[in-house]
Amino acid sequence: MNFARILPLTRSGALLPTCLNCQAQHGPLQIKRFYKDMKKFYKNVTISKSNGRFEINLDKNKLKTPLGTLFTVPTEPLAVAIATEWDSQQKLIKRHSMYLTSLCNTAIENPTGRSKETVIQSVMHFLETDTLCFRLDEPPELEELQTNHWDPVVSWFNNRYEADVQPTTSIISPVISKNTQENLKKHLSSHNDWALVGIESAVHSLKSLILALALIDREVDAETALKLSRLELEFQVSRWGKVEWSHDVEYADLKARVSAAALFVHLVQESSNIITKMAS
Amino acid sequence: MRQICWFCSSQIQLIEKKYWFLFSDEKVWKTMASPAASREALMVLRGLIRELRYVKPEHSPRNLMAYQHIMEQYRSNQVTSEKVCRAQQELLHKAKTYLSLLQGIREHEALQEEFKGRERTVEDSARLVGLQLPKTPGDK
């Protein structure tokens with residue numbers, strides 16, 4: 001009897017365990033992990049197109065994701081931006097400085113294995129504890145800052161998404177009405193899977209769904225969005241002073257993260273815009 | 001300062017001398033027709049080119065795919081009048097986002113390099129707060 005047909009066996013004959021994520025029996029995932037920055041092994045980065053998707057070539061090697069799948073992106077501008085990221089590596093390949101590449105890796109591999117609905121749900125969950133909704137009334141200057149800078153964004157959000165989000169000064173999070181939730185859900189599910197990866201990243205870095213959507217809808221630019229999300233921090237810094245190796249490093253990191261997320265969403269959606277134009 | 005453009009024979013405003021390199025391309029010249037709207041766009045473009053110089057310091061940024069792509073986008077989105085054009089606004093927003101991405105990456109790298117885990121010597125720490133270690137007779 002051929003056991004291999006019934007029970008998936010490894011090459012050495014051992015039984016494969018069931019995967020905790022997807023309940024399937026596949027081999028151990030071979031993630032290429034680098035504990036040290038790799039040396040740069042290529043000179044030229046080029047783009048090639050196949051089956052309507054764009055690949056990145058490092059000399060003659062095709063770029064792959066950490067799990068070993070072929071790295072392909074849907075639009076040319078995104079491919080150009082990623083090629084520039086790989087081009088800008090000097091002697092070592094610093095993967096942590098490639099924000100767009102890691103967003104693409106996440107989109108291609110979906111390492112958390114969540115469905116679109118789960119992602120939307122987790123993003124929506126942020127609205128209950130949105131940075132822009134939790135106000136402080138303690139130092140009056142800060143309260144004024146918050147009213148002046150955050151209120152316009154919140155009212156824009158309420159207009160644009162037919163929502164009724166109200167800021168609060170209490171510790172209890174405000175209840176989001178069902179109507180608002182449905183409107184937002186409808187809007188978020190109109191984005192494709194790739195764009196949602198970017199939106200989620202923007203929400204996590206800005207710690208605010210309202211700001212992330214304002215950024216994606218081009219209401220504010222990336223740096224303004226980040227400054228708005230760090231309003232209280234900036235206020236305290238202006239009072240108590242700054243710790244360069246913490247505040248500045250974090251700011252630069254978040255600046256890159258937020259703009260990478262916004263750019264990713266815009267570049268991913270580009271092709272769909274062009275297609276509809278050509279069809280009409 | 002105003003001058004007639006030899007390319008499109010319209011009146012254009014001369015931009016400051018330091019931006020001359022943007023105009024070595026005659027097609028981008030035309031973008032200047034609406035100074036107010038394009039001034040910001042040009043500043044962003046200038047910033048982008050500056051950042052792209054860091055990508056491959058030993059080469060001219062003109063050879064980069066990103067440079068060619070950005071220039072192409074800028075050229076195809078130029079509008080002569082000052083009308084609010086959505087595509088142009090979108091391009092400007094995208095250009096700004098890309099600029100802050102490139103800046104963020106570079107600043108982050110530079111800061112990390114500067115504050116990489118090393119302990120300061122007593123002398124360094126003293127200098128940080130504007131003090132100097134006393135000279136002891138044993139020192140040379």
Side-chain angles (χ1 to χ4, degrees), chain A residues 43-47 56 76-90 94 96-100 202 205 215-226 243-267 269-270 273 277, chain B residues 40-41 43-44 47-49 51-61 63-74 76-77 84 86-120 128-129:
Chain A
K43 274 194 174 161
N44 297 312
V45 185
T46 50
I47 297 171
I56 314 285
E76 197 182 357
L78 184 58
V80 169
I82 284 162
T84 312
E85 271 186 349
W86 284 85
D87 240 348
S88 65
Q89 305 303 313
Q90 306 300 338
K94 294 184 172 166
H96 58 265
S97 72
M98 292 192 246
Y99 294 86
L100 286 173
S205 329
L215 175 59
I216 304 270
D217 286 341
R218 303 185 176 88
E219 183 65 19
V220 292
D221 60 36
E223 244 187 302
T224 321
L226 183 56
V243 185
E244 269 184 5
W245 51 261
S246 164
H247 290 129
D248 281 358
V249 174
E250 194 198 8
Y251 182 81
D253 183 38
L254 280 175
K255 186 172 156 186
R257 236 169 245 285
V258 168
S259 26
L263 193 69
F264 184 77
V265 175
H266 289 155
L267 293 185
Q269 285 172 336
E270 207 152 75
N273 290 346
K277 265 185 192 169
Chain B
E40 197 188 2
M43 294 297 280
V44 175
L48 276 172
I49 294 171
E51 289 301 322
L52 287 179
R53 276 177 207 280
Y54 291 103
V55 170
K56 272 193 168 180
E58 67 273 23
H59 294 288
S60 158
N63 302 330
L64 288 174
M65 261 184 289
Y67 177 90
Q68 285 155 12
H69 181 80
I70 291 167
M71 279 313 212
E72 204 177 283
Q73 293 286 312
Y74 260 76
S76 61
N77 272 285
V84 178
R86 208 168 135 253
Q88 214 180 18
Q89 293 294 321
E90 280 180 11
L91 173 70
L92 179 58
H93 188 272
K94 212 184 295 167
K96 268 192 200 163
T97 319
Y98 193 42
L99 178 60
S100 63
L101 170 63
L102 290 175
Q103 280 174 345
I105 291 175
R106 191 168 54 82
E107 286 162 12
H108 187 226
E109 281 296 306
L111 285 172
Q112 266 192 331
E113 197 58 40
E114 191 182 340
F115 299 114
K116 214 156 61 179
R118 71 179 166 87
E119 206 171 327
R120 285 202 181 87
L128 206 66
V129 287

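Computed from heavy atoms alone, side chains included, the values below leave out hydrogens, waters and symmetry copies. Chain A is the first sequence line, chain B the second, and so forth, proteins listed ahead of strands; every chain is numbered from 1.
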Quick check for you: to the nearest 0.5 Å, what is the distance between [X] atom [atom1] and [Y] atom [atom2]?
{"X": "Glu85(A)", "Y": "Leu102(B)", "atom1": "CD", "atom2": "CG", "result": "8.5 Å"}
{"X": "Leu263(A)", "Y": "Leu99(B)", "atom1": "CG", "atom2": "CG", "result": "11.0 Å"}
{"X": "Leu92(B)", "Y": "Arg218(A)", "atom1": "CG", "atom2": "CZ", "result": "10.5 Å"}

Minimum-distance pair of heavy atoms, taken over all atoms of [X] and [Y]:
{"X": "Lys255(A)", "Y": "Ser100(B)", "value": "CE-O, 3.7 Å"}
{"X": "Ile47(A)", "Y": "Met65(B)", "value": "CD1-SD, 3.4 Å"}
{"X": "Lys43(A)", "Y": "Lys56(B)", "value": "O-NZ, 3.7 Å"}
{"X": "Gln90(A)", "Y": "Val55(B)", "value": "NE2-O, 3.4 Å"}
{"X": "Gln112(B)", "Y": "Val249(A)", "value": "CG-CG1, 4.5 Å"}
{"X": "His93(B)", "Y": "Leu215(A)", "value": "CE1-O, 3.6 Å"}

For [X], is it the side chain, the backbone, both, or neither that has a heavy atom closer than 4.5 Å to a heavy atom of chain A?
{"X": "Ile105(B)", "result": "both"}
{"X": "Lys96(B)", "result": "side chain"}
{"X": "Glu109(B)", "result": "side chain"}
{"X": "Ile70(B)", "result": "neither"}

At a heavy-atom separation under 4.5 Å, does [X] approach chain B through its side chain, its backbone, both, or neither?
{"X": "Glu76(A)", "result": "neither"}
{"X": "Val45(A)", "result": "backbone"}
{"X": "Val220(A)", "result": "backbone"}

Worksheet entry | Note, Ser97(A) side chain near His108(B) side chain (heavy atom, < 4.5 Å) |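 Side chain of Ser97(A) against side chain of His108(B), heavy atoms only: no contact under 4.5 Å found.
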Item to complete: Determine, stepwise, if the pair Asp253(A) / Leu111(B) fulfils side chain to side chain contact (heavy atoms under 4.5 Å, CB included).
Response: CA-CA 10 Å; Asp253(A) 183 38; Leu111(B) 285 172; over 6 Å; no
Discussion item. Checking Ala260(A) now: which residues fulfil side chain to side chain contact (heavy atoms under 4.5 Å, CB included) with it, not counting sequence neighbours?
Written reply: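 For Ala260(A) the side chain to side chain contact (heavy atoms under 4.5 Å, CB included) partners, ignoring immediate neighbours, are Tyr99(A), Leu100(A), Leu103(A), Leu101(B).
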